[in-house]
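In what follows, a single structure is set out as structure tokens and then discussed.
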Amino acid sequence: MRVSQLFGRTSKTEGADYKSPSHRLLVQGGFVRESTAGRYYMLPLGQVVHSKITDVVRRHMNDAGAQEVLMPTLHPLELWAETNRTTTTGFELMKITDRRGADFALGGTAEEMAVDLVRKFNVSYKDLPFNVYQFSMKFRDEMRARGGLLRVREFVMKDAYSFGTEVQFKETYQQMWDTYVAIFTELGLKVDVVAADNGYIGGEYCHEFIVESDQGESRYFIDETSGYAAHEDVATFKVDDKNMDEELRDLQEVEAVRGTTMEDGVKLHNLPLWQQTKDVLFFDEATKRYILAIIRGDFDVNETKLMQVAGAWELRSATEEEIREDLDSEPGFISPVGFVKKGRKSGRPVVIVGDKSLRTVRNMYGGNNKKSADLLNINIDRDYKPDIEADIALAQPGFTGPDGGVLVEKKGIEVGNIFQLGYHYTNLMHDAEYTDEQGKRQKYYMGCYGIGIGRTLAAIAEAHHDDKGILWPDNVAPYAVYLAPLGESENVLAAADSLYEDLRKAGVAVLYDDRNAARAGEKFADADLIGLPYRIVVSDRSLQNGQFEVKHRSSQEAQLLEKDNVIKMVAAK
RNA sequence: CGGGGUGUGGCGCAGUUGGUAGCGCGCCUGGUUUGGGACCAGGAGGUCGAAGGUUCGAGUCCUUUCACCCCGACCA
């Protein structure tokens, strides 16, 4: 490819709005250009990288026995209604109506489509397991796009859907896990495989593949000694017993003229924070229930865990008005002891969820559902009984992980995930069945597996750059060589032209900076910015001994080589 | 969705009390240059986000609206 003919150009000036390095460098290097917020044009240079990533993913998926298909972009809305996801998805569904009034969802993920596709066939147990995947544009009505390609509203995703028996699934899941590790390794990314929340996809467990980066939005914890890795949403930790040797003392109400914070309670009673009850009141818009979360005072409530155990979807804090008028309590003085079972005015049910940490403390203290009154010596079972008891605590850095090591907090970019879906979709959708050995109909046990191609591209740029530009790993570099003749002497141009042809004959992808008007500094700056693995300079100086100057992007030093050796060197990659 | 900010040529920006739009980069032409983003001369390119209003006159004032950026969407 000749630079003189390449559409899209590099830019010397940095945009003011680019917060992440990958965003800035991808725009400056002429890889992408923004359309509107969260929607990008992929320019020729960027598109080559994009398709190289796609090629790597495709090759590994095929090696794993998965089969590529392509599904429609518009999904019949009835399918989403079948699984109830028109209301319960974590992302806002984008909808479209055609001229006949038929409703469609713009695909944001395609579990329903995959099931619908498969049930159109009369599948036998002999056909199982199988795994179909596609590369297709996904639409997400994100509240806020950010970080360039890191969080967008429209992107190409590789999404795979496996069908089989429960026994077969375990193998498929592990196979996809291994395949993903191989893919990201080949792409030059080091990933942490992290247990995560399955959210709107459904199912019981899943893992995210995260590239550690300060630009990432995913927070997770790692226990370096055991390898335990879990997303913040699901991370568990060991809870130490506090004062379990104490005798249970009698429940007692005391006057408490104090502010409404936890700290105020600690000061007033001169008791440890961990002995206080933390009482957090939520309302779930989806199921129209109040949810009162009770936890030990030194911990915080993990809303994701809370939603999981309470079956809630759209949690918000209860308002002060609701607390006073409907629930007969007082902000800052909420207590599970004697808390109303349903809203006095609204009649809406109240669910009390207690964290397991409540069983590590005795004689707790806290509010009494009215202003300026506290209770001392609150004890679970005796004084109150949660409707649900579970782990709803948020892990913090420094806590002891489930395997006994210290939890270290990390931030990263989620480039892929694998989900166990189980029977979730096949239970909800009709005819999602195959015929077993006995001729009986059985439901499929499913999994799904996603990789965001654009985000992976950005993650590579985040992981491999310096202040001058990107350093593309060999496998995804848009070209292997940046060929830059300096000056306009016929000697130089002839040598560069001939090297260009010879490199191409040797199968080396070359970006040939044939711009006569461009000066050396410009060519060097562009070479660094675009970040191809090798830069070859042709100049009168180098040609004095019939040599060419070769420099690797990651190296400071260049070397002078004869043509044959130049070709040998760069073709080896 | 809440709060704050910004919309002027491809990019980055200036534009005074309202008086008919400018700078740098980039682009085009010619010339001088040529190993880390050169210099000289000439040139093209703008419904000032959009709509409405006030005014003799609006980039500037008023109203409405749209887009984009940042922060937040949480512990009583």
Exercise. Between Leu26(A) (CG) and C11(B) (P), how many Å, whole number?
Worked result: 18 Å
Exercise. In whole angstroms, how far is the P atom of G37(B) from the NZ atom of Lys12(A)?
Worked result: 9 Å
For this session: Nearest 0.5 Å please: distance from the CG atom of Asn243(A) over to the CH2 atom of Trp274(A).
Result: 4.0 Å
Problem set entry | Asp381(A) with Arg359(A): basic N within carboxylate O range, under 4.0 Å | yes
For this session: Would you kindly give the CZ-to-P distance between Phe283(A) and C74(B), to the nearest whole Å?
Result: 15 Å
Exercise. Rounded to the nearest Å, what distance is computed from the CZ atom of residue Arg316(A) to the C1' atom of nucleotide A76(B)?
Worked result: 15 Å
For this session: Please determine, by modelled atom types, if Asp197(A) and Thr304(A) share a side-chain donor-acceptor pair under 3.5 angstrom.
Result: no
For this session: Rounded off to whole Å, could you give me the CG-to-P distance for the Leu486(A) and G37(B) pair?
Result: 13 Å
For this session: Would you indicate what Glu330(A) reaches in the nucleic acid, counting non-hydrogen atoms under 4.0 angstrom: base, sugar-phosphate, or nothing?
Result: nothing
Problem set entry | Any Arg519(A) side-chain N or O less than 4.0 Å from OP1/OP2 of A38(B) | yes
Exercise. Looking at C75(B), A76(B), C11(B), which one has an atom nearest to any side-chain atom of Glu303(A)?
Worked result: C75(B)
For this session: Give Arg535(A) one of three labels, base, sugar-phosphate or nothing, depending on what nucleic acid heavy atoms sit under 4.0 Å from its own.
Result: base
Exercise. So among Glu409(A), Glu208(A), Glu212(A), which one has a salt bridge (Lys or Arg N to Asp or Glu O under 4.0 Å) with Arg219(A)?
Worked result: Glu409(A)
For this session: Sugar-phosphate atoms are those with a prime plus P, OP1 and OP2; base atoms are the rest. Using that split, label each nucleotide of nucleotides 66-71 of chain B B, S or - for protein heavy atoms under 4.0 Å, 5' to 3'.
Result: --SSSB
Exercise. Over how many whole Å does the gap from Leu273(A) atom CG to A76(B) atom C1' extend?
Worked result: 14 Å
For this session: State which residues pass side-chain hydrogen bond (donor to acceptor under 3.5 Å, both in side chains) with Asn270(A); sequence neighbours excluded, sorted by chain then number.
Result: none
Seminar exercise, completed: By the Watson-Crick or G-U definition, both distances under 3.5 Å, C1(B) is matched with G72(B)
Problem set entry | Residue that, paired with Tyr290(A), satisfies ring pair (Phe, Tyr, Trp, His ring centres under 6.0 Å) out of Phe282(A), Phe339(A), Phe283(A) | Phe283(A)
Exercise. Taking atom C1' of G36(B) as reference, at what distance in whole Å does atom OH of Tyr482(A) sit?
Worked result: 13 Å
Pairs of donor and acceptor atoms involving the side chains of residues 36-50 of chain A, under 3.5 Å and at least two apart or interchain, shall be tabulated with distances.
from, atom 1, to, atom 2, distance (Å)
Arg39(A), NH1, Glu154(A), OE1, 2.8
Tyr40(A), OH, His23(A), NE2, 3.0
Tyr40(A), OH, Glu34(A), OE2, 3.3

Exercise. Once you round it to whole Å, what is the distance between P of U34(B) and CG of Asn516(A)?
Worked result: 15 Å
For this session: For Ala318(A), answer base if it contacts any base atom (sugar-phosphate contacts may also be present), sugar-phosphate if it contacts only those atoms, and nothing otherwise; contact means non-hydrogen atoms under 4.0 Å.
Result: base
Exercise. Across the strands shown, which category fits Leu281(A) at heavy-atom distances under 4.0 angstrom: base, sugar-phosphate, nothing?
Worked result: base
Exercise. Just checking Ile323(A): base, sugar-phosphate only, or nothing, at a heavy-atom cut-off of under 4.0 Å?
Worked result: base
For this session: Determine the interatomic distance between C1' on G3(B) and the same-named atom on A21(B); round to the nearest Å.
Result: 34 Å
